[in-house]
K.L.:
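The structure follows.
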Amino acid sequence: MGPRAREAALRRLAEDEFDVLVVGGGVVGAGVALDAVSRGLSVALVEARDLAAGTSSRSSKLIHGGLRYLEQLDFRLVREALRERGLLVTRLAPHLVRPVPFLFPLRHRVWERGYVGAGVLLYDTLGGARALPRHRQLSHSRALREAPGLRSDALVGAIQYYDAQVDDARFTMMVARTAMQYGACVTTRTKVTGFLRDELPDGGGRVTGAVVRDLEGGAELRVRARQVINATGVWTDEIQRLAGASPGSRGSVTVQASKGVHLVVPRERIRLDTGLILRTEKSVLFVIPWGPHWIVGTTDTPWDLDKVEPAPTRADIDYILEHVNAVLRTPLTHDDIEGVYAGLRPLLGGSGSETVKLSREHAVIRPEPGLVIVAGGKYTTYRVMAEDAVDVAAAGLGQDVPASVTDRVPVLGAAGFEALRNNRRRLAGRAGLPVARVEHLLGRYGSCVEEVLALVEADPGLGEPIPGAEGYLKAEAVYAVTHEGALHLEDVLVRRTRVFIEERDHGLAAAPEVAVLIAPVLGWDDDRVRAEIDAYRSGVEADLAAQREIDDAAANAVRLAAAAPAQHVA
């Protein structure tokens, strides 16, 4: 996915006709592209920003069945999600998706243990063959040994169960790369500005492609496709309007955006040997291990403002701190926060204020011939959503299309991962790196780690940590633009790595070094390097300014005003 590959992909967009054009480069869009191309269809995917730039890089980073949906008696959704979780952990992406234990504190001595225990037992068995360990019932003293950072009076006992975790942005990018490996044409910074249509004899129309603008070079392309699948998440309503359909009208779908905010704090600030899940008056709150950090969240509030950069507010941050501090022996403060991020969930349903009650299930509709829309759902079930969308599109192709095979197609980096992990000491010796560093790389790249280590072997200087972001090697920044499609400094620091949320300065110290590393690959001169650094700094300052505001409207206005100079680097 380097610069030359992008140029070739743009030529294909302009010259070829595709069986399927996918609009949207989040996890569902990437999954649709992989599903379609692995059925033997010709596929193109266009994304207006970067892969996973929206919701798919700002989730709780969990692959889970949704324990709380059992309480809503949504057994079908939980069973489906648990099956997908098992596939990802064991077969499709064991290099990227890994088990993590969670502690559910109990506050009542008798009824709650039986009630929650029965639910978790069902959770253990609904997904079919077990891929993760079963839950455990813990006494008060045993629970505190697992979680010494909890107040003694915050629980009378606990239940420990397992779910799984993923770097959401990295997983999305790797699914897209897998689709490319099988022949899909994938481009970022390519925005759909309209749809192509043919008139039908009955006076109606048929969508036959899209008008796409290359936001890097400025060219306008007319991309022809027999079926267009829209997978734009919270932008679904906008795409429907672009296609001439009114959201909420007959044959359309309505998506309500719900804002979820997460905090990142140092691992040493919360003394836990397990993740944590807490009930709140609105939903649940997670404390999730994330390398040398914890991710704490989330909120669930309606959002109808700017969808590109939803802004966390002081009120959001205070809400999370209040609820997690209610059970911590040593409370967190604002000074403990290393990073804050906000994402938007695409929920199906109306426009009511209680978004937590809207469905997390998905819908696939065909508002007019040639156009398929997939919306709703959750990260964990992206593959099922993709399969359903391609099934509907395939019915409109007028030819026999094989059934989906993505439950048996490993994500790039999975094949050979276990063998390389067993040989991590040899790999470390060959590259001159510590074994712990190679283990970290294996968890990010799987068997593609060989390509990263090849960069280090060719230039040993790339085996050094990035100054200001020592958790990552210089080689990883270079690899992000040679193999992973990063086109801007922001792409590297926010999504290919997670420097933006992991470093207390949000990557400002690392930005100059990374910009210089990737400049030769992307053909940047000194002026462009400075412009990229300035744009990244403006984005960071905009986020920090928004977080000082108390309500959504004020934070959104500040975020937009402060970020205006950084919206585009030509």
Side-chain angles (χ1 to χ4, degrees), residues 24 26-28 52-69 71-72 74 77-78 81 168-169 172 231-240 247-248 252-263 277-286 288 295-320 323 340-363 373-382 385 543 546-547 549-556 559:
V27 71
V28 176
T55 302
S56 294
S57 62
R58 306 171 189 221
S59 72
S60 295
K61 313 194 189 315
L62 292 177
I63 297 295
H64 64 131
L67 186 61
R68 68 188 176 100
Y69 299 123
E71 201 164 25
Q72 301 171 10
D74 200 341
L77 177 61
V78 175
D168 48 5
T172 298
T232 54
V234 294
W235 283 273
T236 297
D237 291 0
E238 285 80 356
I239 292 293
Q240 285 183 121
S252 68
V253 66
T254 299
V255 172
Q256 168 70 42
S258 167
K259 185 177 69 166
V261 175
H262 296 79
L263 312 181
I277 177 173
L278 304 170
R279 287 178 179 271
T280 72
E281 67 275 13
K282 295 181 179 179
S283 183
V284 294
L285 191 77
F286 286 102
I288 306 163
I295 292 175
V296 186
T298 180
T299 61
D300 195 334
T301 55
W303 180 265
D304 58 4
L305 301 169
D306 177 59
K307 294 175 181 175
V308 174
E309 293 292 346
T313 66
R314 176 77 178 218
D316 294 325
I317 295 169
D318 288 344
Y319 171 88
I320 295 172
H323 283 81
V340 182
Y341 65 93
L344 300 177
R345 304 175 189 88
L347 304 182
L348 290 180
S351 56
S353 60
E354 293 299 319
T355 57
V356 71
K357 295 181 180 178
L358 293 182
S359 172
R360 296 307 307 278
E361 296 188 56
H362 65 274
I373 294 175
V374 55
K378 53 187 288 186
Y379 197 104
T380 302
T381 57
Y382 82 94
M385 296 173 66
D543 261 14
Q547 291 168 29
E549 299 296 330
I550 198 66
D551 64 77
D552 285 345
N556 183 70
R559 181 69 178 80

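When a residue number appears, it is its place in the shown sequence, counting from 1.
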K.L.:
To the nearest 0.5 Å, what is the distance between OH on Y341 and CG on D543?
P.N.:
13.0 Å

K.L.:
I need the minimum non-hydrogen distance between A231 and V374, along with the two atoms involved.
P.N.:
CB-CG1, 3.8 Å

K.L.:
Could you give the distance from OG1 (T236) to CD (Q256), rounded to the nearest 0.5 Å?
P.N.:
12.5 Å

K.L.:
Measuring from H362:NE2 to I373:CD1, what's the distance to the nearest 0.5 Å?
P.N.:
14.0 Å

K.L.:
Do the charged groups of K378 and E361 touch, with an N to O distance under 4.0 Å?
P.N.:
no

K.L.:
Would you compute the distance between atom OG1 of T299 and atom OH of Y319 and round it to the nearest 0.5 angstrom?
P.N.:
7.5 Å

K.L.:
Going through the checks in order, is the side chain to side chain contact (heavy atoms under 4.5 Å, CB included) test met by K307 and L344?
P.N.:
CA-CA 8 Å; K307 294 175 181 175; L344 300 177; 4.0 Å; yes

K.L.:
Do L348 and V253 touch side chain to side chain, with heavy atoms closer than 4.5 Å?
P.N.:
yes

K.L.:
Salt bridge or not between D552 and K259? Use side-chain N to carboxylate O under 4.0 Å.
P.N.:
yes

K.L.:
Between the side chains of D168 and R58, is the shortest nitrogen-to-carboxylate-oxygen separation below 4.0 Å, so that they form an ion pair?
P.N.:
no

K.L.:
Rounded to the nearest 0.5 Å, how far does OG1 of T254 lie from CG of D237?
P.N.:
5.5 Å

K.L.:
Under a 4.5 Å cut-off applied to non-hydrogen side-chain atoms, are L62 and I288 in contact?
P.N.:
yes

K.L.:
Between R559 and D306, is there a salt bridge with N-O shorter than 4.0 Å?
P.N.:
no

K.L.:
Could you work out, with side-chain hydrogen bond (donor to acceptor under 3.5 Å, both in side chains) as the rule, every residue matching T55, not counting sequence neighbours?
P.N.:
none

K.L.:
Closest approach of V234 and V255, non-hydrogen atoms and distance?
P.N.:
CA-CG1, 4.2 Å

K.L.:
For T313, give me all partners under side-chain hydrogen bond (donor to acceptor under 3.5 Å, both in side chains), at least two apart in sequence or on another chain.
P.N.:
D316

K.L.:
Locate the shortest heavy-atom distance separating T298 from L285; write the atom from each residue and the value.
P.N.:
N-CD1, 3.6 Å

K.L.:
On a heavy-atom basis, which atom in S56 and which in V27 lie closest, and how many Å separate them?
P.N.:
OG-N, 2.9 Å

K.L.:
Apply side chain to side chain contact (heavy atoms under 4.5 Å, CB included) to the pair V261 and V340, showing each step before the final yes or no.
P.N.:
CA-CA 7 Å; V261 175; V340 182; 3.9 Å; yes

K.L.:
To check you understand the geometry: which heavy-atom pair defines the closest contact between S57 and A52, and what is its length?
P.N.:
OG-O, 2.7 Å

K.L.:
Report the distance from atom CD of E549 to atom CZ of R314, rounding to the nearest 0.5 Å.
P.N.:
11.0 Å

K.L.:
Would you check if H323 and L278 make a side-chain contact, meaning some heavy-atom pair closer than 4.5 Å?
P.N.:
no

K.L.:
Assess whether side chain to side chain contact (heavy atoms under 4.5 Å, CB included) is satisfied between I63 and Y379, documenting all intermediate values.
P.N.:
CA-CA 7 Å; I63 297 295; Y379 197 104; 3.8 Å; yes

K.L.:
Looking only at heavy atoms, what is the nearest atom pair of A546 and A311, with distance?
P.N.:
CB-CB, 3.8 Å

K.L.:
Test of understanding: with side-chain hydrogen bond (donor to acceptor under 3.5 Å, both in side chains), list the residues that count as partners of H262, not counting sequence neighbours.
P.N.:
S60

K.L.:
So F286 and V296, do their side chains get closer than 4.5 Å, heavy atoms only?
P.N.:
no

